[in-house]
Amino acid sequence: MARKSTTQRVVVSTIGAWFFGFLIFFPILWMVLASFKTELEAFAIPPSFLFFHWTTENYATVQERSDYLLHAMNSIIIAGGSTLIALVIAVPAAWSMAFSPTKRTKDILLWMLSTKMMPPVGVLVPIYLIYKTFGLLDSRIGLIFILCLGNLPIVIWMLFTYFKEIPRDILEAARMDGATIGRELIYVLTPMAIPGLASTLLLNLILAWNEAFWTLNLSTSNAAPLTTFIASYSSPEGLFWAKLSAASTLAIAPILVLGWFSQKQLVRGLTFGAVK
């Protein structure tokens, strides 16, 4: 009887997981299907799900109207650069707070996290003026800098909580063997923290890739990433849903594929202590 009850719970849990998974995935599926419709079919009510005139015209139009490769390269450089710089800063910061805490360590962590609660629009004007003064508007360096600062609190928090799970005795043994701080970080801590570093890197990369507020306000053409590429299909004449769906599909495809193939590393890092 107990085995039958356990089997029923497993079946119900599996069905529920597939149901909610489909609900989450459905908007992406709908967007991909809309990208293969004509503009009239994309607006049709009731909407057609599979039985419509399939066309790749929207993708051809998107390629002709915009330089997709330029925007994609900007996204790769900006998201990748901001992620790497954030890790370089966050690893020693998290190591210091995890293994050499002070009375103010928790206060500092809470203060850093509180900066994420502030609406970005609240500091848009001063940031814009600073960027204009130093010539950082519409530049990759400027976007890398602002995205790095924006995601740095999350990166430090994730690494801090993960480093707390690493036994302190291992680091103390390395110090007794004469390891310097640099060698301790590179040869002892980093290899043990690879799952946490991988999950943190992937999460920060996704956040930077999907960032729209700063990229729309601080870039126009030269450094515009794929989020600006998508926004260009919103015009005073209205939204071109089919072309907008095609542009959005092209924009999310690289990060979606990356997330799909690296999901094991992401889940492993998150469940091994990166977030608790």
Side-chain angles (χ1 to χ4, degrees), residues 14-80 82-83 138 140 143 147 201-267:
T14 303
I15 294 175
W18 277 99
F19 175 73
F20 286 108
F22 179 76
L23 286 181
I24 295 172
F25 179 72
F26 183 76
I28 299 176
L29 176 62
W30 187 264
M31 177 188 68
V32 174
L33 292 176
S35 69
F36 290 99
K37 297 179 180 180
T38 63
E39 290 294 344
L40 291 177
E41 288 174 324
F43 274 103
I45 299 178
S48 55
F49 190 68
L50 291 176
F51 301 100
F52 56 86
H53 176 66
W54 291 72
T55 179
T56 58
E57 180 183 355
N58 298 313
Y59 289 95
T61 303
V62 167
Q63 294 288 352
E64 292 174 0
R65 175 177 170 180
S66 306
D67 190 348
Y68 170 77
L69 292 179
L70 174 62
H71 291 86
M73 183 58 64
N74 286 337
S75 286
I76 293 172
I77 294 174
I78 293 168
S82 64
T83 298
D138 198 22
R140 291 171 176 174
L143 291 177
L147 295 187
L201 184 147
L202 289 171
L203 181 60
N204 188 79
L205 188 65
I206 292 171
L207 292 174
W209 188 279
N210 294 331
E211 174 60 42
F213 179 82
W214 292 114
T215 57
L216 289 175
N217 286 284
L218 299 179
S219 66
T220 53
S221 57
N222 296 329
L226 287 172
T227 47
T228 307
F229 168 73
I230 296 174
S232 65
Y233 289 88
S234 174
S235 65
E237 290 79 15
L239 293 176
F240 298 93
W241 288 109
K243 296 179 181 60
L244 181 62
S245 298
S248 300
T249 301
L250 290 173
I252 70 169
I255 201 68
L256 193 65
V257 172
L258 175 64
W260 178 266
F261 284 105
S262 58
Q263 57 181 315
K264 289 184 179 180
Q265 290 79 5
L266 182 60
V267 172

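Just so you know, residue 1 is the first one in the sequence shown, and it goes up from there.
- Proximity of a side-chain donor or acceptor of Ser82 to a complementary backbone N or O of Ala79 within less than 3.5 Å is detected.
- Side-chain atoms of Thr227 come within 3.5 Å of backbone atoms of Glu211 as a donor-acceptor pair (strictly under, hydrogens ignored).
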Give the table of side-chain donor-acceptor pairs shorter than 3.5 Å for residues 28-36, with sequence neighbours excluded, one pair per line with atom names and distance.
{"unit_1": "Ser35", "atom_1": "OG", "unit_2": "Val32", "atom_2": "O", "d": "2.5"}
{"unit_1": "Ser35", "atom_1": "OG", "unit_2": "Tyr59", "atom_2": "OH", "d": "2.6"}

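- Of all the heavy atoms in Ser221 and Leu70, the pair that sits closest is O-CD2, 4.4 Å.
- Heavy-atom neighbours of Glu57 CD from other residues, nucleotides or ligands within 6.0 Å: at or below the threshold of 12.
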Chi angles and distances behind the side-chain contact (heavy atoms from CB on, under 4.5 Å) call for Leu226, Ile255: CA-CA 11 Å; Leu226 287 172; Ile255 201 68; over 6 Å; no

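- Atom CG in Asp138 sits 11.0 Å away from atom OG1 in Thr215 (nearest 0.5 Å).
- Ile15 pairs by the side-chain contact (heavy atoms from CB on, under 4.5 Å) definition with Val11, not counting sequence neighbours.
- Taking both residues in full, the closest heavy atoms of Leu143 and Ile78 are given as CD1-CD1, 3.4 Å, listed atom of the first, atom of the second, then distance.
- A distance of 13.5 Å separates CH2 of Trp18 from CG of Leu23, quoted to the nearest 0.5 Å.
- Between the CG atom of Asp67 and the CE atom of Met73 there is a distance of 10.5 Å, given to the nearest 0.5 Å.
- Remark: side-chain polar atoms of Asn74 are not paired, donor with acceptor, to backbone N or O of Arg140 under 3.5 angstrom.
- The minimum heavy-atom distance between Val62 and Ala246, with the atom names listed, is CG2-CB, 4.1 Å.
- The CD1 atom of Ile252 sits 11.0 Å away from atom CH2 of Trp209, with the distance rounded to the nearest 0.5 Å.
- Between Glu39 and Trp241 the shortest heavy-atom distance is OE1-N, 3.2 Å.
- Here OG1 of Thr249 is found 9.5 Å from CG of Asn58. Values are rounded to the nearest 0.5 Å.
- Pairing each heavy atom of Ala208 with each of Leu147, the nearest pair is O-CD1, 3.9 Å.
- Contact detail for Lys243 and Thr61: the closest heavy-atom pair is CE-CG2, 3.6 Å.
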